[in-house]
Every structure is written in structure tokens, then in C-alpha cells.
Amino acid sequence: MAKCHSARLFPPCTTARLFFEGLKAYKHADGQVSVFRPDKNAIRFNKSAERLCMPELPEEIFVQSIAAVVDIDREWIPSKAHHALYIRPVMFATDPFLGVQPSATYKYIVMTGPVGPYFSKILRVKVETNFTRAAEGGMGYAKAAGNYGGAMLASRQAAKEGFDQMIWTDAKEHKYVEEMGAANVMFVLDGTLITPSTRDTILDGVTRDTVLALAREWGMPVEERRVSVAEILEGAKNGKLTDAFGAGTAATIAPVGSISHDGEEYFLIDPKEREFSQKVLKTLDAIRYGEVADTHGWNYLV
Ligand SMILES: *Cc1c(COP(=O)(O)O)cnc(C)c1O
């Protein structure tokens, strides 16, 4: 039967375990190509694999596989400002088996595609207090497909209400900020850069880590801790919240224009007047596109 045949070509494992990574290759003005911090993605790739009972990859094989694909796709990397080659490594289970158990066979593939800026506008976001992205003991820290499938209905609902993104909150009380869509979320409150500390409900973002490192170098006070929705809304009201943005490879630094909670919308200062996120975005771009010396060793040259 045709159905059995296609099942053979692409065997469906009932448990359908799939996880992925996301990173970018950038073209410098002199034609050099670099991938941003792929060693960090290699570590996270293996954390996801471990959580899903899937095989880990030696870090150097992960990095080399990416370099090999980027090398082949070199001509596909756009040289326009803010453009890059998005790289999507994926691993999935392939056992043709219906029971719920770890697969014995897997496929690891690397896909790419040229991309422009992800968000071209200032985001109107809502604090999500109904749906949950990740709970303690769950797999929010893994880049597992299930996490994103589970978020889609919430995204669609938010879009219907006119929002671009939602700020996820903790599963228990919906009182603490966790992430923003599929990016980490960061704030400048009373001169301090604050962001939720990583734990099992939060994806340990490479962009987040990079922004924190830069802020610390610049001598800015930084706090990784529980961040309550109440303090953010209070800051928006009294003007002490001077910056709010999503941080991720796809999103880069995505400015939040307003935050809505319980039907009330709180507007933040004009993104063009935000000192920190402007500086961070400029610096990140300058490093990634090779316009300044890469003193941190973040660019992996291909
Ligand atoms: C990928 C992702 C991020 C951002 O991670 P980067 O390494 O900075 O790209 C943040 N949150 C979630 C849920 C993600 O899937």
C-alpha cells in the first residue's frame, strides 16, 4: 500500500521527538564569512538531546557540520545590512515504531535560508496569563519542537487581539516574567539591566548571554533574577522602565513599544531614545559583520 511505502521513506516515530537549533552566518564587508558563537549552540544542542533521550553530538562535529554547510551556501549569504544566512540544525527520531519509547535511529540535518530583519516594527506585547509555555520540571530549556507547537494557539489568540508577541509568565501564578515569544526578554529598570535567571522553564539564549556580557563590560549593573510582572508595569507607569526588548538570534534586539496586562496598555519610551538597546544592537552588528575587532572570539570564521 502506498501509505506503508511512504512510511518507509519517512518513518513516523509515534513519539515524534524533534528538536532544533538556530544560529546565523554573516557576511563581512571584505567578503569573509562568520558564524556567531556556534560553540554555545553545540552545548545547548546536547542539553536538548539529553532532555529528550536523544543522542548527543560531539561539539566539534556540530560546529564542523555547520561550517561545511555554510561553506557550500556561501553565495547565499546576503551582504545587505541586517541580513544573514539563518542556520537551522534539526535532529529527529526515525524508528518506524508506534510505541512510546526512545527511538534507536535518528537523523541530523542542517538547513539554511537567507533572512532579513525578523521584526520590522516596534512590538505591541501582552502579558500572557492564561496559556503556559513551560512548567517547572518540563522542557522549556530545550529547543524542543513540542514547546513551539504548544505556543501556537496562544500566539494566534494574541495576534487576533492585535498583539505582535506575548510575554510568557510562570506556570504556577502567572506573576513572573519568563520569555517573550521565542526570545529572551530583557529590561532596563532604574538603570539596571534585568532579565529572568535561566532555569528549566527558560531557554538559555546566546543573544541573552552576549547582551549580559557586553553590559557587564560597560560597567552597567546587571541582575539575573526572578522578575515580577508587577515591577515591570510599575516601572512603565513611573517612567523608571527605560528599555524593554526581546533578545534572540532571529529577533536580534526587538524593541517592545507597549505592554498590556489585564486589558490595560502601558506605553514605553520611544525606542529611538533608548540608550541601552540602541548601543547593544549597534555593537552586536559591528561585531557580527566584522566592523570592529572581535575581542571575545565570538566570530567563527568559515
Ligand atoms: C531560540 C530561543 C531563544 C533565543 O536564543 P538565541 O540563542 O539567542 O537565539 C529564546 N527563547 C526561546 C524560547 C527560543 O526558542
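Counting starts at 1 for both ligands and their atoms, following the listed order.
- Side-chain contact check for His296 and Glu217: at least one donor-acceptor pair (N or O, by modelled atom type) lies under 3.5 Å.
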Check ligand 1 for N or O atoms under 3.5 Å from a protein N or O and list each pair with its distance.
from, atom 1, to, atom 2, distance (Å)
ligand 1, 7 (O), Arg44, NH1, 2.8
ligand 1, 7 (O), Arg44, NH2, 3.2
ligand 1, 7 (O), Val206, N, 2.8
ligand 1, 8 (O), Val206, N, 3.2
ligand 1, 8 (O), Thr207, N, 2.9
ligand 1, 8 (O), Thr207, OG1, 2.6
ligand 1, 9 (O), Thr249, N, 2.9
ligand 1, 9 (O), Thr249, OG1, 2.6
ligand 1, 11 (N), Glu179, OE1, 2.5
ligand 1, 15 (O), Lys143, NZ, 2.7
ligand 1, 15 (O), Tyr148, OH, 2.4

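- By the 30° and 60° cut-offs, the orientation of the rings of Tyr26 relative to Phe36 is perpendicular.
- In this structure, a donor-acceptor pair under 3.5 Å is present between the side chains of Tyr108 and Ser65.
- Side-chain atoms of Thr195 and Glu224 form no donor-acceptor pair, as typed in the model, at a separation below 3.5 Å.
- Side-chain atoms of Arg226 and Ser197 include no donor-acceptor pair closer than 3.5 Å.
- Here the side chain of Asp200 pairs a donor or acceptor atom with the backbone of Gly137 at under 3.5 angstrom.
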